[in-house]
Amino acid sequence: MEVGQLQRSFVEYMASLFREGFLDAQFSQLQQLQDDSNPDFVVEVVSLFFEDSERLLNDLTMALDQPNVDFKQVDAHVHQLKGSSSSVGAQRVKNCCAPFRNCCEEQNTETCLRCLQQIKQEYLLVKNKLQTLFELEQQIVAAGGAIPMLQ
């Protein structure tokens with residue numbers, strides 16, 4: 001595929017991620033912090049988000065699997081997940097956290113488990129979408145092109 005076509009695909013794909021609510025303005029802010037001195041900044045930050053999220057999702061799964069659920073601990077994990085998803089602009093993951101925290105306040109294990117499943121689903125979706133975006137960026141660079149910046 002030629003560079004111009006790859007760049008158009010990138011712009012369309014990026015626009016769809018915002019339009020469908022996977023990403024918000026915070027992701028654009030991250031992109032603006034990337035420059036020639038740190039060309040992998042966004043990938044590095046998002047990779048840390050992936051690692052952090054997977055650890056938190058595992059911690060949440062284990063915490064909700066206990067016979068006596070510590071809802072304060074569950075809420076603390078959800079709060080961390082909300083913060084890290086917010087910091088990378090993973091809007092749909094972040095938006096799942098508020099109802100989850102409400103379930104923690106109500107100390108309702110069943111509802112918390114449903115919220116956890118929803119967060120896991122949204123996390124996997126945004127992870128796959130971002131990995132696809134980064135692969136597209138790599139193709140553009142490999143073809144000798146520049147990554148288009150969105151306004």
Side-chain angles (χ1 to χ4, degrees), residues 6 9-142 147-151:
L6 285 169
S9 294
F10 176 87
V11 169
E12 289 168 15
Y13 190 69
M14 180 71 91
S16 75
L17 294 179
F18 284 96
R19 189 174 52 252
E20 295 168 22
F22 287 104
L23 300 176
D24 63 20
Q26 183 61 34
F27 188 80
S28 298
Q29 300 240 325
L30 274 183
Q31 288 180 306
Q32 290 172 5
L33 294 173
Q34 183 167 293
D35 59 20
D36 291 339
S37 68
N38 197 354
D40 297 325
F41 178 75
V42 175
V43 172
E44 289 170 7
V45 170
V46 170
S47 293
L48 290 172
F49 164 69
F50 291 159
E51 290 172 24
D52 195 40
S53 297
E54 286 172 25
R55 179 187 52 78
L56 288 168
L57 291 170
N58 286 333
D59 290 349
L60 283 165
T61 301
M62 289 192 304
L64 288 170
D65 200 32
Q66 300 302 311
N68 294 318
V69 175
D70 180 348
F71 287 98
K72 283 189 187 298
Q73 181 189 38
V74 171
D75 184 60
H77 292 320
V78 175
H79 182 72
Q80 274 186 289
L81 185 61
K82 182 179 181 185
S84 64
S85 58
S86 180
S87 70
V88 298
Q91 181 173 272
R92 286 171 45 166
V93 174
K94 178 189 75 176
N95 290 347
C96 289
C97 292
F100 199 159
R101 293 192 74 194
N102 292 339
C103 295
C104 291
E105 278 181 34
E106 296 164 7
Q107 300 197 355
N108 185 328
T109 305
E110 218 172 284
T111 313
C112 281
L113 285 168
R114 280 198 297 272
C115 288
L116 177 60
Q117 287 311 309
Q118 186 176 5
I119 281 186
K120 283 181 176 180
Q121 182 178 343
E122 290 298 340
Y123 166 73
L124 288 174
L125 280 170
V126 78
K127 181 178 181 181
N128 288 334
K129 301 274 185 188
L130 286 169
Q131 286 174 329
T132 299
L133 183 73
F134 296 149
E135 287 167 14
L136 201 48
E137 284 183 354
Q138 287 175 336
Q139 290 173 10
I140 291 169
V141 171
I147 307 300
M149 289 306 292
L150 301 182
Q151 305 318 333

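Computed from heavy atoms alone, side chains included, the values below leave out hydrogens, waters and symmetry copies. This chain uses plain numbering: 1 for the first residue, then up along the sequence. Predicted model only: the values in this text are computed from it and were never measured.
Considering only heavy atoms from C-beta on, Tyr123 stays 4.5 Å or farther from Leu81 through its side chain. When side chains are defined from C-beta on, Cys115 does not count as touching Cys96, because their heavy atoms never get closer than 4.5 Å. Taking 4.5 Å as the limit, some side-chain heavy atom of Met14 sits within range of a side-chain heavy atom of Gln31. Phe18 places a side-chain heavy atom less than 4.5 Å from the side chain of Phe27. Within the 4.5 Å cutoff, side-chain heavy atoms of Leu23 are placed close to those of Val126. Taking 4.5 Å as the limit, some side-chain heavy atom of Thr61 sits within range of a side-chain heavy atom of Lys120.
A distance of 11.0 Å separates CG in Leu116 from NE2 in His77, rounded to the nearest 0.5 Å. Atom CZ of residue Phe71 and atom OG1 of residue Thr109 lie 3.5 Å apart, to the nearest 0.5 angstrom. Between Asp75 atom CG and Asn102 atom CG the span is 9.5 Å, to the nearest 0.5 Å. Atom CG of Asn95 is separated from atom CD of Gln118 by 10.0 Å, given to the nearest 0.5 angstrom. Rounding to the nearest 0.5 Å places CG of Asp24 at 9.0 Å from OG of Ser85. A distance of 10.5 Å separates CD in Gln138 from CG in Leu133, rounded to the nearest 0.5 Å.
Glu122 pairs in a salt bridge (charged side-chain N to carboxylate O under 4.0 Å, His left out) with only one of the listed residues (Arg92, Lys94, Lys129), which is Arg92.
Minimum heavy-atom separation, Cys97 to Ile119: SG-CD1, 3.9 Å. Closest approach of Phe10 and Ile140 over heavy atoms only: CB-CD1, 3.6 Å. Pairing each heavy atom of Ser37 with each of Pro39, the nearest pair is C-CD, 3.7 Å. Annotation for Phe49 and Ala90: closest pair CZ-CB, 4.0 Å, computed over non-hydrogen atoms.
Checked by atom type and distance alone, the side chain of Gln34 pairs as donor or acceptor with a backbone atom of Val42 at under 3.5 Å. Counting only distance, with no hydrogens or angles, the side chain of Ser87 and the backbone of Ser84 share a donor-acceptor pair below 3.5 Å. Looking only at distances, no side-chain donor or acceptor of Gln29 sits under 3.5 Å from a matching main-chain atom of Ala25.
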TODO: Test side-chain contact (heavy atoms from CB on, under 4.5 Å) on Val43 and Leu130 and set out the steps.
DONE: CA-CA 9 Å; Val43 172; Leu130 286 169; over 6 Å; no
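Side-chain contact of Ser53 with Lys127: a donor-acceptor pair under 3.5 Å is absent, judged by distance alone.
Taking the charged nitrogens against the carboxylate oxygens, Arg55 and Glu51 have no contact shorter than 4.0 Å, which rules out a salt bridge.
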